[in-house]
Amino acid sequence: MSPKSIKILLLVEDDFGDVRLLREMFKEQGSRKTELTHVECMGDAEKHLANHAVDIIVLDLGLSDAQGLEAVRRAHSAAPHIPLVVLTCLDDEALAAQALQEGAQDYLIKGEIDARGLLRALRYAVERKAMEEALFMEKERAQVTLKCIGDAVACTDSSGDITFLNLAAEQMTACPSGEAAGKPMADVFQIINSTSRETIPNPMEMAIRQNRTLRLPPSCLLIRHDGFEIPIESSVAPIHDRGGQVLGAVIVFRDVSAAREMARQIAYSAQHDFLTGLPNRMLLNDRVNQAIHLASRHMKKVAVLFLDLDGFKHINDSLGHRIGDRLLQAIAKRLVDCVRGSDTVSRQGGDEFVVLLLEVDQPEGAATMARRMLQTMAEPHSIDHHDLHVTISIGVSVYPDDGLDAETLIKNADTAMYQAKEDGRHSYQFFKPAMNVRAVERQSIEESLRRALERREFALHYQPRINLKTLAITGAEALIRWTHPTRGLVSPGQFIPIAEDCGLILPIGKWVLREACKQARAWLDAGLPLGTVAVNISAIEFREENFLEGVFAILKDTGLDPSSLELELTEGVLMKHADSTALLLEALRARGVRVAVDDFGTGYSSLSYLRKFPIDALKIDQSFVRQITTVADETTIVTAVISMGRSLKLRIVAEGVETEAQLAFLQAHECDEAQGYYFSRPVPPQQFANLLDTGMSEKILT
């Protein structure tokens with residue numbers, strides 16, 4: 001059974017920037033079932049833990065009232081059974097390692113956390129804590145059992161004949177004390193080495209002869225007179241009289257069958273996944289390295305396949321973790337059935353599996369296996385009267401072409417798997433070096449983005465929105481531009497998705513909104529007929545906890561009238577959590593802020609849903625506008641949107657107008673407004689001010 005899901009997370013952090021970043025990572029990954037409770041200091045954390053239950057604690061090691069290991073110890077003392085993950089800076093990895101020894105399950109380095117990695121680390125911490133607790137309970141039960149039985153005790157005289165057996169010794173040797181009395185120890189039981197099967201010299205005689213306490217080797221077996229064998233731990237000591245003369249010896253031994261089995265289970269659990277019984281990542285790494293060693297000697301190849309389930313989260317969320325766990329077990333069995341006995345199927349955690357294929361002659365052998373797995377996994381899984389359909393995405397790396405060690409091979413297979421997902425899922429991809437180049441490129445852009453704001457590398461350009469009846473400028477859309485010091489102009493399509501992934505879209509978005517409002521206020525103060533300034537709002541920004549307060553604060557700081565601001569949201573943002581979205585839009589409308597649906601027609605909204613939202617405008621996506629004079633279906637869509645907008649009393653704006661024919665079509669169908677290169681590219685503020693001053697009608701007519 002899998003560990004419980006994380007429902008309540010306690011974050012102990014005094015850096016509000018880090019708090020906001022972590023919150024956004026949860027939202028980005030869709031972890032909305034997790035309640036994140038934040039406190040700023042250790043004292044508040046202790047009070048909270050005394051009165052509230054939590055599933056996991058994320059603890060900064062640099063709090064104002066608790067530093068380093070002191071914070072870990074206090075958190076562990078306040079909640080000894082709760083998984084603990086510590087946050088540390090780049091130069092504190094040694095401290096983080098000490099924190100693990102003090103009871104933390106994992107540590108995360110600030111600045112190196114990504115959303116997927118954060119959720120994976122928290123999930124693994126919960127799993128490890130659950131495993132620790134389960135193993136502890138099992139060990140505790142075994143120890144209590146041994147204490148209740150008691151240690152076996154046997155005594156002999158100086159001649160080596162038995163004089164006493166306690167009840168535990170009678171039970172272990174299957175020989176009553178009266179029957180054993182006066183017999184040599186060898187007639188009642190023997191002790192042998194379990195490895196060599198050789199009889200160990202009589203420990204009683206050794207203790208008497210050496211006159212000191214002795215411990216027997218740890219690999220001892222007690223052989224009863226009926227031949228039954230019991231693993232034991234034993235120590236023996238001489239018995240003295242008052243004068244110090246040796247009278248005999250006493251041997252104390254215990255049945256360690258349970259303890260040795262427990263040790264075996266612990267060793268097994270440390271190397272196997274608790275849910276599926278498959279090797280875990282630690283055992284997999286060991287086997288991959290062994291396979292590499294053998295392959296290098298025999299001039300063979302080794303293939304690593306990294307598998308991720310497509311659609312598993314939906315099944316887990318809709319049908320519950322019990323069904324999800326059984327599905328993972330069924331998938332594990334199918335994978336094992338696909339491979340040879342010499343190959344290894346491993347579960348990395350969550351819905352990720354890694355398969356090690358030994359002694360592959362050619363990469364095509366790995367491709368054949370990947371295709372077999374795709375076919376096998378595509379067949380439905382029948383679980384509790386549910387026919388569950390999941391597919392897999394597979395990345396393949398091959399030794400020695402794609403890596404010379406386990407870590408590199410697994411990492412490259414993981415990279416190839418994500419490429420398979422991007423290519424449409426239910427497919428496999430071999431690793432190519434260019435994939436790493438893209439990953440490195442992405443990381444480089446992310447690092448540069450983190451410095452771009454403070455280095456003032458961003459600028460806003462403005463594209464005019466035109467009234468199609470009067471050809472007057474009715475507003476502007478603010479569009480961000482990034483000039484990198486060495487790369488030059490970086491496309492928004494390249495850096496905006498990265499900013500969203502790493503959470504930087506929040507500070508960047510706030511900067512855009514503030515700059516746009518400040519510029520609009522300046523144009524209005526100069527007497528220029530702006531109308532409204534439109535700003536795009538991402539899903540992450542819109543779902544940010546203090547989104548409304550942030551918008552209203554910027555309007556207040558810049559002095560811009562709310563009616564001069566229009567926020568553009570995509571259909572996807574509106575349709576997700578429709579009820580809460582409606583409340584946010586109503587709050588914006590109450591203050592006078594306008595709202596437009598951006599890229600309309602590319603999502604899944606319906607007329608009934610649009611009626612629920614207090615919106616002002618629909619912006620027809622440019623992909624439809626570009627083809628209205630060439631593709632009949634696109635013409636029908638644009639005409640329908642204009643008609644629908646008119647019925648809802650909404651303003652209709654066409655995006656991406658580039659030709660006179662497109663303009664004529666939109667005017668003929670009474671579209672309200674348009675923007676696009678036909679009128680003007682996005683331009684810097686001063687150039688846009690000139691457009692406001694001179695107007696667009698003459699330019700368009702000429």
- Query: Of the non-hydrogen atoms in I57 and A79, which two are nearest, and what is the gap between them?
  - Reply: CD1-CB, 4.0 Å
Do the side chain of [X] and the main chain of [Y] share a donor and acceptor less than 3.5 angstrom apart?
X	Y	answer
S77	R73	no
N166	V153	yes
D273	S346	no
R123	I6	no
D384	H386	no
E13	D15	yes
H48	D44	no
E102	Q98	no
Q329	L275	yes
R347	P279	no

Is it the case that [X] and [Y] place a side-chain donor and acceptor less than 3.5 Å from each other?
X	Y	answer
S393	D310	yes
Q290	D286	yes
E127	Q105	no
R215	S235	no

Lys/Arg-Asp/Glu bridge criterion (N-O < 4.0 Å) met for [X], [Y]:
X	Y	answer
K432	D402	no
K300	D361	yes
D151	R254	yes
D226	R224	yes
E24	R543	no
R74	E70	yes

- Quick one: which of T37, L63, L84 gives a side chain to side chain contact (heavy atoms under 4.5 Å, CB included) with V12?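 Only one of T37, L63, L84 forms a side chain to side chain contact (heavy atoms under 4.5 Å, CB included) with V12, namely L63.
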- Contacts of type ring-ring contact (aromatic ring centres under 6.0 Å, His included), residue F189, not counting sequence neighbours: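 In terms of ring-ring contact (aromatic ring centres under 6.0 Å, His included), with neighbours along the sequence ignored, F189 is linked to F253.
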- Between V354 and V304, is a side-chain contact (heavy atoms from CB on, under 4.5 Å) present by the stated rule, with each step listed? CA-CA 7 Å; V354 174; V304 172; 3.7 Å; yes
Is the shortest side-chain heavy-atom distance between [X] and [Y] below 4.5 Å?
X	Y	value
R281	Y124	yes
V360	V398	no
F312	L328	yes
I331	L335	yes

Which value, rounded to the nearest 0.5 Å, describes the distance between [X] atom [atom1] and [Y] atom [atom2]?
X	Y	atom1	atom2	answer
L283	L278	CG	CG	10.5 Å
I8	T34	CD1	OG1	10.0 Å
I323	L388	CD1	CG	7.0 Å
I223	I230	CD1	CD1	9.0 Å
F431	M417	CZ	CE	13.5 Å

- Task: Taking side-chain hydrogen bond (donor to acceptor under 3.5 Å, both in side chains) as the test, write out the residues that go with R128, two or more places apart.
- Result: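 Testing R128 for side-chain hydrogen bond (donor to acceptor under 3.5 Å, both in side chains), a comparison that skips the adjacent residues, returns D106.
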- Task: Report the C-alpha distance between L216 and V236 in whole Å, list the side-chain angles of each, state the deciding distance to 0.1 Å, and finish with yes or no for side-chain contact (heavy atoms from CB on, under 4.5 Å).
- Result: CA-CA 8 Å; L216 271 62; V236 60; 4.2 Å; yes
Are more than 12 heavy atoms, taken from residues, nucleotides or ligands other than [X], located less than 6.0 Å from that residue's [atom1] atom?
X	atom1	result
E407	CD	no
R340	CZ	yes
E364	CD	yes

